[in-house]
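Reviewing the structure listed below.
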Amino acid sequence: MTGHVSGANAGREPGAEPAPPDNAATDTDNATGRLHWLDNLRTGAMLLGVLVHTATLANFGWPEYASVISVKFRMAVFFVASGFFAALLFRRRPLRVFLTTRAQALVVPLISGLVLLNPVTLLLIVQYHNGPAVQGMAPGEILASALTHTMPLSGPVVWHLHLWFLFSLIVYVALTPVVMPVLSARWLQAALDRVFAAIPRGILPLAIGVTLAVGVVAMRTLAVAVVPAAGEIWLIRVTMDYLPYFLLGLLLFLRPQEWDGIHRIDPALCLCAAAVYIGGPWVGALSGSEQIVGALSLAGLALVRCAVIFALLAVFRRYLNFHTPLSAFLAQSIYTVYIFHFLAIYTVASVASALPIRDDSGTFFLLVAGLTYALTFVLHRQLIGRHRVLRVLFNGKA
């Protein structure tokens with residue numbers, strides 16, 4: 001089936017090189033085809049993860065806001081951008097090449113992280129948060145207790161730690177060859193043309209945000225009804241929760257006018273998001289239904305995420321659309337930073353815990369986070385980036 005793609009991509013065959021969306025024509029590097037501002041946004045979202053996970057060390061007070069704010073947008077931004085880039089790569093490459101390169105980029109670092117990094121990280125986490133409780137236990141016993149939860153342990157003692165996002169991306173990438181032909185179908189694109197033509201441009205972000213919020217609530221409802229385990233197994237639930245954001249990225253790649261239309265700080269969407277996020281749980285509580293409370297809470301969070309995502313897209317495209325040696329280095333090293341940062345955080349914290357500044361929570365937080373950034377950047381520059389085997393293992397590319 002030949003897909004129908006509106007705007008700049010119209011008339012192209014499914015395997016052909018895609019033109020950038022109409023709005024991105026001046027944003028795209030002609031030599032590389034990169035959308036530098038979107039690369040910079042994705043890099044920033046992943047770098048924020050260091051602050052989020054440094055906050056797992058203790059109750060730091062004001063630094064905890066990094067985690068609170070991050071939940072509102074960080075991974076949602078990442079998955080929308082990932083969907084957009086996945087659609088771009090799917091249209092550029094033959095199916096076999098798309099799947100093999102994506103598998104190498106995601107599966108290999110996931111396995112490397114789970115086998116080589118997470119066991120050591122979990123040992124450090126357990127010892128850092130539960131020193132007296134595990135004193136005298138062999139490393140194997142500590143790790144077994146952490147993985148089987150045979151004893152109560154403090155700290156982020158979860159076998160996959162931060163690598164859960166790779167599981168989710170693997171699922172999404174596997175779905176891309178199935179979803180993209182459907183989204184690109186002539187009948188669906190024609191129907192979307194009519195739908196979007198009927199929506200005033202002034203409320204386009206709000207319409208897309210409300211639609212996504214409905215999708216998020218529907219996905220959670222489906223998870224509970226069809227896959228009961230999703231209510232208990234966090235990894236399944238979070239993958240289903242973020243799927244609508246990835247699908248939105250896929251769709252917006254095919255809809256350049258709508259992609260352009262959401263790049264703004266939209267007052268209507270912001271007001272709606274605030275109203276549902278703040279007032280939704282109260283309305284649900286008045287109804288006396290836990291299901292309604294949950295649905296309105298999910299919808300409110302989805303609307304807040306959309307408002308933040310669309311605003312960040314606008315800000316980064318306007319003010320951070322550049323390619324410098326520093327931004328290039330950050331983009332190249334970000335995978336190493338993310339794969340290794342949890343291990344680096346607890347290594348630094350374990351060493352620095354004897355310092356008197358540990359009592360000054362803000363200073364300790366900044367010290368650990370700063371050294372984690374420094375160590376992981378140096379690790380990439382001096383080791384991972386220079387050796388092919390290590391690049392394949394931890395970056396998924398030769």
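If you're wondering where the values come from, they're calculated on a predicted model, not measured in any experiment.
Aromatic ring centroids of His263 and Phe310 lie 6.0 Å or more apart. Taking the six-membered ring where the residue is Trp, the centroids of Tyr172 and Phe246 are separated by under 6.0 Å. Aromatic pair Trp259/Phe84: centroids less than 6.0 angstrom apart. Annotation: Phe85 is not in aromatic contact with Phe253 [ring centroid separation under 6.0 Å not met]. Between His341 and Tyr346, the distance from one ring center to the other does not fall under 6.0 angstrom. With ring centers used as reference points, Trp159 lies under 6.0 Å from Phe167. Aromatic pair Tyr245/Tyr242: ring centres closer than 6.0 Å.
The two residues Met151 and Ala133 come nearest to each other via the heavy atoms CE-O, 4.1 Å. Taking all atoms of both residues into account, the shortest heavy-atom contact from Pro205 to Arg264 is CD-NH2, 3.2 Å. When all heavy atoms are compared, the tightest approach of Arg201 to Gln257 is NH2-O, 3.0 Å. Closest non-hydrogen pair, Pro139 versus Leu123, comes out as O-CD2, 3.3 Å. The two residues Val157 and Leu122 have their closest heavy-atom pair at CA-CD2, 4.2 Å. Considering all non-hydrogen atoms of both residues, Leu204 and Gly261 come closest at CD2-CA, 3.9 Å.
Residues Arg388 and Arg391 are in side-chain contact: their nearest non-hydrogen atoms beyond the backbone lie under 4.5 Å apart. Looking at Phe316 and Asp39, their side chains never come closer than 4.5 Å, going by heavy atoms from C-beta outward. You'll find the side chain of His387 stays beyond 4.5 Å of the side chain of Val389, heavy atoms only.
Asp260 and Arg255 are not joined by a salt bridge, as no carboxylate oxygen comes within less than 4.0 angstrom of a charged side-chain nitrogen.
Under a cut-off of 6.0 angstrom, the local environment of CD in Gln135 is sparse, with at most 12 non-hydrogen atoms contributed by other residues, nucleotides or ligands. With a 6.0 Å radius and a threshold of 12 heavy atoms from other residues, nucleotides or ligands, Phe322 has its CZ atom above the threshold.
Aromatic ring pairs are classed by plane angle as parallel below 30°, tilted from 30° to 60° and perpendicular above 60°; the pair His160 and Trp234 is parallel.
For the side-chain contact (heavy atoms from CB on, under 4.5 Å) with Thr121, the qualifying choice from Leu161, Val126, Ile345 is Leu161, the only one to do so.
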- [ ] Would you please test Tyr335 and Phe394 for ring pair (Phe, Tyr, Trp, His ring centres under 6.0 Å) and show each step?
- [x] CA-CA 8 Å; Tyr335 211 164; Phe394 298 110; 9.8 Å; no
